[in-house]
Structures are given as C-alpha cells and as structure tokens.
> 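Here you go, one structure.
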Amino acid sequence: MNPLSEQEIIRREKLGKLREMGINPYPAALYPVDNTSTSIKADFKEGKQVNVAGRLMSRRIAGAASFAELQDSDGRIQVYFNRDEICPGDDKSQYNDVYKKLLDIGDIIGIEGELFKTQVGEMTIMVKKFTLLTKALKPLPLPKVDAEGKVHDGFVDPEMRYRQRYADLVVNPQVKEVFVKRTKLFNAMRNFFNEREYFEVETPILQPIPGGAAARPFITHHNSLDIPLYMRIANELYLKRLIVGGFDGVYEFSKNFRNEGMDRTHNPEFTAMEIYVAYKDYNWMMDFTERLLEHCAVAVNGETNSQFGEQTIEWKAPYPRITMRQSIIDFTGFDIDGKSEAELYAFAKAEGIDVDATMGKGKLIDEIFGEKCEGNYIQPTFITDYPKEMSPLCKAHRDNPELTERFELMVCGKEIANAYSELNDPIDQRERLKRKLH
RNA sequence: GAUCUGGUAGCUCAGUUGGCAGAGCAUCUCCCUUUUAAGGAGAGGGUCCUGGGUUCGAGCCCCCAGCCAGAUCACCA
C-alpha cells in the first residue's frame, strides 16, 4: 500500500476526533431526506422546512458564518451555516469544531434547515442542524467554474477519469448525463418493442462455439465439465433458433465480448441490440428502424434531433435509401455493376485505396465504399443491396442474385445498424459458409 | 500489434544553457456573521512514472530498456 498523503493523514486524524466527540462518521440509521436540490428550486418557498442530503462540494467560511454547496443526485444547492443558528446555546463546538475543522469537501452530510434567499437572491438553505453521514478520507479533485462558465482546475486526465469513474461522476456533472441518456435510450427501445409485442429474451453468454460474427473471442474454462467455453461475440444464432422455435419476434440487449484492439469507440465488452421478426423483409426493417430511432430521439431528448460533436442529427423518419452501387457512383463516378475482380482491383488501386491480391470482389467493393463513401453520410442514410460475398447470412436479392437484401444505417460517417432479409435456405447457407472457408 | 505524443505536489500546470523543485487551487494555523472562482496574513506538502547510462552535478541529455495513458493506424463493430 502506498504511504498516505498529508491530506489523507489529516482526514484520518479528523475521523478519530469525531469519534472522541461521540460522533459516528458512518452512522447506520436512515436519514429522512424529503427534498432534493432540484425539488427545492422548483418549489421554492421562503421559510419552508427541508431535509436534504448530499456531498459537501465547496465552502466559503467567513468567521461565524459560512456558505457551502451541497451536491445531491439532482445537482447542487447552496447552504448557509451560521454559528448562532446551529449552536443557539453556549456550546459552539458543533460549528467551531465539527463544521469548521472536522468536515471536509467530499463528506456526505444531511441538512435540516429552512429556505431563504440571500442578499444577491440565491436560493439557499439556512442550516438548523446537520448530520455527518459519511466521512471522505481522500481529497476530491476540485474543478471550479467562474462567472463566465469557464472551468478551472478541471479533472481532465483521461486515465484517471476512466479508472476512477466514481470520482469523474462526482466532479464532472455532464458524465452523469451520459449514463442517464443511455438508460432512457434503452427504455425507449424496450417500450417501442414491447408495444408491438416483441419478446425480450436472454441467450447464452458462455458458448461452446462462438458464432454470429467474425471476431476473436475471449476463452474461458468450465471446471466441472472440463471443457473450454467462449464468451459470446454475438447473440444472433440463438435468437434465430427462437424464431425457428415459434416466436414471431424476439429481441435482446446483448453484452458481447470481442478480443480485438481497443480504442475510444471499441470496447472489449460492448452492448448490441438485436431483433428478429418472422415473415418480414429488409424493406419492412428499414421502415421499422427509422420509426424506432425517431421514437428514441423524442424519448431521450424531447425532440427529433440530437447533437453529436459539431453535428446536429435529424432523426425524423423517413431516411434516404441508396444502393451501394449508386453510392459508389455518386462519390467516384465508377459503376461496380458487372465488373470483374481485376477491374475492381485496378480501380481501387488507381484511387489510392490500400488493397491486395487476396481480396475478392466483395472485399474490394467494401474497401471502395469504406474509403470513398461511408464518411460522407452525416444524416441517417440507409445503404442497401450489398454484394453477396460480404454477407454469408443474408438472402440473395430477389431481383439480382449477385446482391443481397441487406442494409446498413450510416450516421455521422459510421455504421450504427445492420440488417438482412435473413437467409433461411439451409442448403444455400451451408454452401456459402463452405465457400467462405476457402 | 505499429507509430507519434505525454507522465513534475491531492487537482490543473510551468520549469530557462545541465547547477538549492515552482505557481494557482486544495490542505494546515490565525482573522472575518448574506458569500459565491469570497477575501487577508502565515505554514506544510515532491520516488520529477520505474530502471540503467553520460556527467563533478540530471526534472532537463541518451537512435537506452520497461510500465502506464492518449491520439493515429492495423484488426474489429
């Protein structure tokens, strides 16, 4: 264990002094919270009695009076500690010793008090009584926001922020918003599916053969069976089996595990949502997808658009549908229709795309699209009708056997969804997978 | 996995030609009864990522080794 810093030693000494005074720094009893920072501001009444709890985030002590900020799960509220209010009798130790000397920024306290507005009009709680609920033993990073809204001493080191997510959440309020929106998004998707009577399921995470995608798996071991098991890379095959078994629509939020390189947009464990519906095709799925996303945008943001970096994305359905062939014509002038592998290779080379002789037609087209087209689609756009070689689990196109009934949805130059008219001809399926192995 | 960039106080960062390790905030002591990046006076706090090399002397130098992170690329989604 690392030696304690000066500040950690001081906080432990304070812990001892609190106990000597008969104050339990980690009391077991519930604290009767009846308001939050937000509820107080929404329904402010001078003189109203409130009980709140939260983390002490800043203090401005001026002798016998002091302002502090309390942060709860909703936000922050200013609190006012006044010696004579807290200690009406002769014993001033609750203010002079406990509050001023033994509390620290980061401690969690409960406050019983009365609402008032300060001379500059800020909504504030006049503290009548406070209770230490949890003593913090480590100093908290302490960003401060000035009058112009500029953050000073921000907690910005990415390593520290990711490894100590709890500290990041305490100190950088916008991080909490990401968590909240993610859950709202998941709830919105569930509601949309459940209203249509699609059925949420859970399928195996430990699989004897990892399938449904092309990625290296994590491997683990089952002791009593003495067999290797793999963490799933996709849930696709199990969902299809449920359709085979007689469910008309099934979906799952699947945590998948892929043993590949990682960066800010690729986590070794990530969540995908997959839904399978019987008797439909990929045209139906495009209609369904754009309605789903519009529904989710409204549920999460209250409007059909959302902000991603500099871009404003409009989620209102419908979205343009462009075939892969047309997309490549649009951005390069080159028509891939009927071209041989050699012609595709020559074109890619001439465009400066990094291709090699091992790539088949499908891979070459994928490279051309990825390099020249994909990044241009900022607003939601369906790209349809992928070459057969790229899509071994997808039905051949009803009008052109060289293509498949597949689409991907592009947003902000990235793929966010992928769907097929699922291949259900078992003999064709076997032939295609066999060909892919060679 | 490759390349580039970085790692100095609890947090954010500066650090000159290689010559006693710095600032703001935080912490500690004192003053201050409506403040708000509160203010005033004083004090303490360091494995300069780790290990090696060069040098009288290294935070600084090394086509040096390692650890960690970020960005870009590869793989993947």
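By convention in this document, chain letters (A, B, ...) are assigned in the order of the sequence lines, proteins followed by strands, and residues within each chain are numbered from 1.
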> Determine all donor-acceptor pairs shorter than 3.5 Å in which one atom belongs to a side chain in residues 364-373 of chain A; sequence neighbours excluded.
from, atom 1, to, atom 2, distance (Å)
A:Glu367, OE2, A:Lys363, NZ, 3.4
A:Lys372, NZ, A:Glu351, OE1, 3.4

> Which residues pass the salt bridge (Lys or Arg N to Asp or Glu O under 4.0 Å) test with A:Asp281, sequence neighbours left out?
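Partners of A:Asp281 under the salt bridge (Lys or Arg N to Asp or Glu O under 4.0 Å) test: A:Arg398.
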> Which letters describe nucleotides 2-10 of chain B, given B = protein heavy atom under 4.0 Å from base, S = only from sugar-phosphate, - = neither?
--------B
> Could you note down all residue pairs passing ring-ring contact (aromatic ring centres under 6.0 Å, His included) where residues 129-182 of chain A supplies at least one of them, sequence neighbours left out?
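Qualifying pairs: A:Phe81-A:Phe130.
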> Check this for me, if you would: do A:Asp104 and A:Lys138 make a salt bridge, where the nitrogen-to-carboxylate-oxygen distance has to be below 4.0 angstrom?
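A:Lys138 and A:Asp104: not salt-bridged.
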> Of all residues at least two apart in sequence or in a different chain, which pass the side-chain contact (heavy atoms from CB on, under 4.5 Å) check with A:Val33?
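A:Val33 satisfies side-chain contact (heavy atoms from CB on, under 4.5 Å) with A:Tyr31, A:Ala53 only.
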> Check salt bridge (Lys or Arg N to Asp or Glu O under 4.0 Å) between A:Glu422 and all other residues, then give those that pass, not counting sequence neighbours.
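For A:Glu422, the residues satisfying salt bridge (Lys or Arg N to Asp or Glu O under 4.0 Å) (neighbours in sequence not counted) are A:Lys240.
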> Under 4.0 Å between any heavy atoms, over every strand shown, what does A:Val171 touch: base, sugar-phosphate, or nothing? Just pick one.
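Here A:Val171 touches no strand at all.
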> Which pairs pass ring-ring contact (aromatic ring centres under 6.0 Å, His included) with one or both residues in residues 108-129 of chain A, sequence neighbours excluded?
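Residue pairs passing ring-ring contact (aromatic ring centres under 6.0 Å, His included), neighbours aside: A:Tyr80-A:Phe116.
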> Working note: A:Arg321 + A:Asp287, criterion salt bridge (charged side-chain N to carboxylate O under 4.0 Å, His left out); need CA distance, chi angles, decisive distance, verdict.
CA-CA 11 Å; A:Arg321 301 176 185 193; A:Asp287 297 340; 2.7 Å; yes
> List for me each residue that meets salt bridge (Lys or Arg N to Asp or Glu O under 4.0 Å) alongside A:Asp356, sequence neighbours excluded, and say none if there are none.
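For A:Asp356, no residue satisfies salt bridge (Lys or Arg N to Asp or Glu O under 4.0 Å) once neighbours in sequence are set aside.
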> Going by number, which of residues 366-379 of chain A have a non-hydrogen atom under 4.0 Å from RNA chain B?
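Of all residues in residues 366-379 of chain A, none places a heavy atom under 4.0 Å from RNA chain B.
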> Please list, by residue number, the residues of residues 117-125 of chain A whose heavy atoms come closer than 4.0 Å to an atom of RNA chain B; answer none if no residue qualifies.
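The answer is A:Thr118, A:Gln119, A:Val120, A:Glu122.
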> Across the strands shown, which category fits A:Gly261 at heavy-atom distances under 4.0 angstrom: base, sugar-phosphate, nothing?
base
> When all nucleic acid strands are considered with a 4.0 Å heavy-atom cut-off, which category describes A:Asp84: base, sugar-phosphate, or nothing?
base
> Please list, in numerical order, the residues of residues 406-424 of chain A that have a heavy atom closer than 4.0 Å to any atom of RNA chain B.
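Going residue by residue through residues 406-424 of chain A, the ones with a heavy atom under 4.0 Å of RNA chain B turn out to be A:Glu415.
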> With sequence neighbours left out, write down each residue that passes salt bridge (Lys or Arg N to Asp or Glu O under 4.0 Å) with A:Asp34, or none if nothing qualifies.
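Partners of A:Asp34 under the salt bridge (Lys or Arg N to Asp or Glu O under 4.0 Å) test: none.
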